[in-house]
Structure formats: C-alpha cells, structure tokens
Amino acid sequence: MNILKLLDKLSDDSFFTRQTSRSGSLSDISAFGKKAAVAALPLGLAGLMTTTAKAETFNDNVPGTAMKSALTDALQLALTLEYLEDEYYRIGLNTGTLIPTADRTVFMQISKHEAAHVAFLKATLTSLGETPGAKPTFDFTAGGNFTPFTNYQQFLILAQAFEDTGVRAYKGQAGNVMSNKAVLQAALQIHSVEARHASQVRRMRANKGWIELANGGSMPPATNAVYAGEDVTVQAGFNTATAFGAAAGSAAYDEVLSGSDAATIAGLFIV
C-alpha cells in the first residue's frame, strides 16, 4: 500500500488567508508540574527518547532494529499528538454555539486535516508491522485549569498551544524518521500543514503568525513549556541577533521540541 495516498484527504486550505475573530487574553493560570504529566502518559511515551538528529543514510529497505524503533517511536508520538488535536476540534465543533459561525469553516477544515493525519499515522504504523497506540482518554481542562468548551477565548488559546506544539514536535522528530524516505516526505508534508494551522489560529487571536523569542503572544503561564527555547538566536554559528535584532532573528528560525518535552505537554491533557 502506498502510505502517501491518505494525504489526499487533506482538503484545500486557500481560505486560510482571511483573518477572523480577535480575542482578549486570559489572566493568570497556574503552571503544571511535569511529574504529574509524565505519569499520565500512555505506555511507551513516558520513556520516549530525546530527539537529537541522527546522521543516518536514507534507506528504502526495511531499517535495522534500532532505526526502526526510532522511526516507530516517533510515529507513535505523532499519533498521540494528532489524537489530541483530532478529538479537541471534534468536541469543539459539536459543542453548541461555542465556535462563532464566522470561524466554524476554519475549524471544520482543520478538523478534517487532523482526522486525515490520524488515519495516515495508524496506517503507516500498521504497514511497518507495529500496532498503533490506542487513543488516550483526554481531559482538556487539564485538571480544571481550563474551560475550553465553555469559553471560546480559552478554546482558541489551547488550539494555538496544541498547534504550536505540533509544529515543533514534528520538526524535532525529523532525525528519527529519515531512515524511511516515504515517511520522511509525508511527515514534512504534515508538518507544513500544522504550521499553517498554527499561523491561522495565532492570527485569529490577533497574534503574529510567527513566534518571536519565547513569547507565545497573550498566552497564560501554563503554556510556557510550548515556547521554551524559542529565543535561540545563534544558528549554525551565525548570530541572527547581531544581524537582525533578537526578536526578528529568533523569529526567522523556529526551534525544535524534543520528544520527551512534546510527550510531557501532551501528558498534561491525558487522564
């Protein structure tokens, strides 16, 4: 089976150029503890490897045991993140008048994309001889810290946090999927779509479409982990801050998120 076929489900998103609703910011929300988050992770994710890129050669054949393990672990992490986004938007769209009419088209489209990503990742893992992880039980209130399905501004805040996390997480797994050219290509295609989602939701919150320094843009302290490390200004020895200023220099290069950090963030919303 051609594992790229399921990407055809990704519908046209040309309407994403329009700007929709604006929002205010939330007041203080307490930060979460990482220990509780890791304890909540599904089996296999709590011990997920960190994601330093590996200098592996491309191989169209079945990779060796270590390479295959890195590949499938990365796909399982991506599946958990996609499960989270898929269910979040599905619940939001089915919650009465939570999402204003003017914004529903955007989230209906994003929801279709996330469902397609889930289907692709499950099919890919199966084709690699792995059993896709079961969908976790999610608590989108994160233990009562959020009320995203009764407060649209909080719905938007979590949507931004989830999308920004996904963008960084996919990039962080590139070194672990490069042993399979077809999977790498598909992962990059999904990554760019997630980046379009993130930019769109950020603009719906009256934010810039990109991230400057480690500032998510009118986000509560509980989301700080999503943006930690985004203030890097030295890239391959080149100091972007000297050339363009710290804010513009950091914004020109989006930073990766390790597998363990991505799993911890997802774990905050897993029962």
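Numbering of residues begins at 1 and proceeds along the displayed sequence. Keep in mind it's a predicted model, so treat the numbers as computed, not measured. In what follows, every heavy atom counts, from backbone to side chain, and hydrogens, waters and symmetry copies are set aside.
Remark: side-chain polar atoms of Lys208 are not paired, donor with acceptor, to backbone N or O of Gly217 under 3.5 angstrom. No donor-acceptor distance shorter than 3.5 angstrom exists from the side chain of Glu212 to the backbone of Ala247, with no hydrogens or angles considered. In this structure, Thr240 contributes its side chain and Thr233 its backbone to a donor-acceptor pair below 3.5 Å. Counting only distance, with no hydrogens or angles, the side chain of Arg168 and the backbone of Ala262 share no donor-acceptor pair below 3.5 Å. With hydrogens and angles disregarded, no donor-acceptor distance shorter than 3.5 Å links the side chain of Asp73 to the backbone of Ala70. Looking at Glu130, its side chain never comes within 3.5 Å of a backbone N or O of Gln76 through a donor-acceptor pair. The main-chain N or O of Arg90 is found under 3.5 Å from a side-chain atom of Asn94 such that the two form a donor-acceptor pair. No donor-acceptor pair under 3.5 Å is formed between the side chain of Ser250 and the backbone N or O of Asp231. Here the side chain of Ser111 pairs no donor or acceptor atom with the backbone of Met108 at under 3.5 angstrom. A donor-acceptor pair under 3.5 Å is formed between the side chain of Tyr83 and the backbone N or O of Gly133.
Contact check for Ile270 versus Thr137: no side-chain heavy atoms found under the 4.5 Å cut-off. Contact annotation: the side chain of Gln189 never approaches that of Val193 to less than 4.5 Å [non-hydrogen atoms, C-beta and beyond]. Side-chain contact between Leu121 and Pro132 is absent, with no heavy atoms from C-beta onward closer than 4.5 Å. Considering only heavy atoms from C-beta on, Tyr227 stays 4.5 Å or farther from Asn215 through its side chain. Counting heavy atoms from C-beta outward, Asp164 and Thr223 have side chains that stay 4.5 Å or more apart. Proximity of Glu163 to Arg202: side-chain heavy atoms (C-beta onward) are nowhere separated by under 4.5 Å. Counting heavy atoms from C-beta on, the side chains of Leu128 and Asn180 come closer than 4.5 Å. A 4.5 Å side-chain heavy-atom check between Phe155 and Thr95 finds every atom pair outside the cut-off.
The minimum heavy-atom distance between Pro100 and Leu98, with the atom names listed, is CD-O, 3.5 Å. What you find for Ile157 and Pro220 is that their closest heavy atoms are CG2-CD, 3.7 Å. Heavy atoms only, all atoms of each residue included: Val256 and Lys171 are closest at CG1-CG, 3.6 Å. Nearest approach of Ala266 to Leu81, heavy atoms of both residues: CB-CD2, 3.8 Å. Across every non-hydrogen atom of Phe120 and Ala186, the tightest pair is CZ-CB, 3.3 Å. Taking both residues in full, the closest heavy atoms of Pro136 and Thr80 are given as CG-CG2, 4.4 Å, listed atom of the first, atom of the second, then distance.
Under 3.5 Å, the side chains of Asn176 and Gln173 contain a donor-acceptor pair of N or O atoms. For Arg196 and Ser192, the side-chain atoms include no donor-acceptor pair closer than 3.5 Å.
Following chains of ILVMFWY side-chain contacts shorter than 4.5 Å, one can reach Leu93 starting from Phe146, so the two form part of one hydrophobic cluster. The cluster map of Ile, Leu, Val, Met, Phe, Trp and Tyr, joined by side-chain heavy atoms under 4.5 Å apart, puts Leu188 and Tyr253 in different clusters. Residues Val167 and Leu156 do not share a hydrophobic cluster, clusters being chains of Ile/Leu/Val/Met/Phe/Trp/Tyr side chains in contact below 4.5 Å. Residue Leu257 is not grouped with residue Trp210 when hydrophobic side chains (ILVMFWY) are merged at heavy-atom distances under 4.5 angstrom, including chains of intermediate members.
Contacts of Val232 classified as side chain to side chain contact (heavy atoms under 4.5 Å, CB included), with partners at least two apart in sequence or in another chain: Gln235, Glu255.
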Self-check item: Working for side-chain contact (heavy atoms from CB on, under 4.5 Å), residues Leu213 and Glu230
Solution: CA-CA 5 Å; Leu213 301 174; Glu230 284 281 16; over 6 Å; no
Self-check item: ring-ring contact (aromatic ring centres under 6.0 Å, His included) assessment of Phe269 paired with Phe138
Solution: CA-CA 5 Å; Phe269 300 92; Phe138 294 110; 8.7 Å; no
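The aromatic rings of His117 and His197 lie parallel to each other, with less than 30° between the two planes, well short of the 60° mark. Note on ring orientation: taking the six-membered ring where Trp is involved, the planes of Tyr88 and Phe162 are perpendicular (angle over 60°, cut-offs 30° and 60°).
Here CD of Glu194 is found 13.0 Å from OG of Ser199. Values are rounded to the nearest 0.5 Å. Going from atom CE of Met178 over to atom CE of Met67 covers 8.5 Å, rounded to the nearest 0.5 Å.
The 12-atom threshold is not exceeded at NZ of Lys122, counting heavy atoms of other residues, nucleotides or ligands nearer than 6.0 Å. Environment of CZ in Phe238: crowded, with over 12 heavy atoms of neighbouring residues, nucleotides or ligands closer than 6.0 Å.
For residues 131-142, every residue pair satisfying the salt bridge (Lys or Arg N to Asp or Glu O under 4.0 Å) rule, not counting sequence neighbours, is listed here: Glu87-Lys135.
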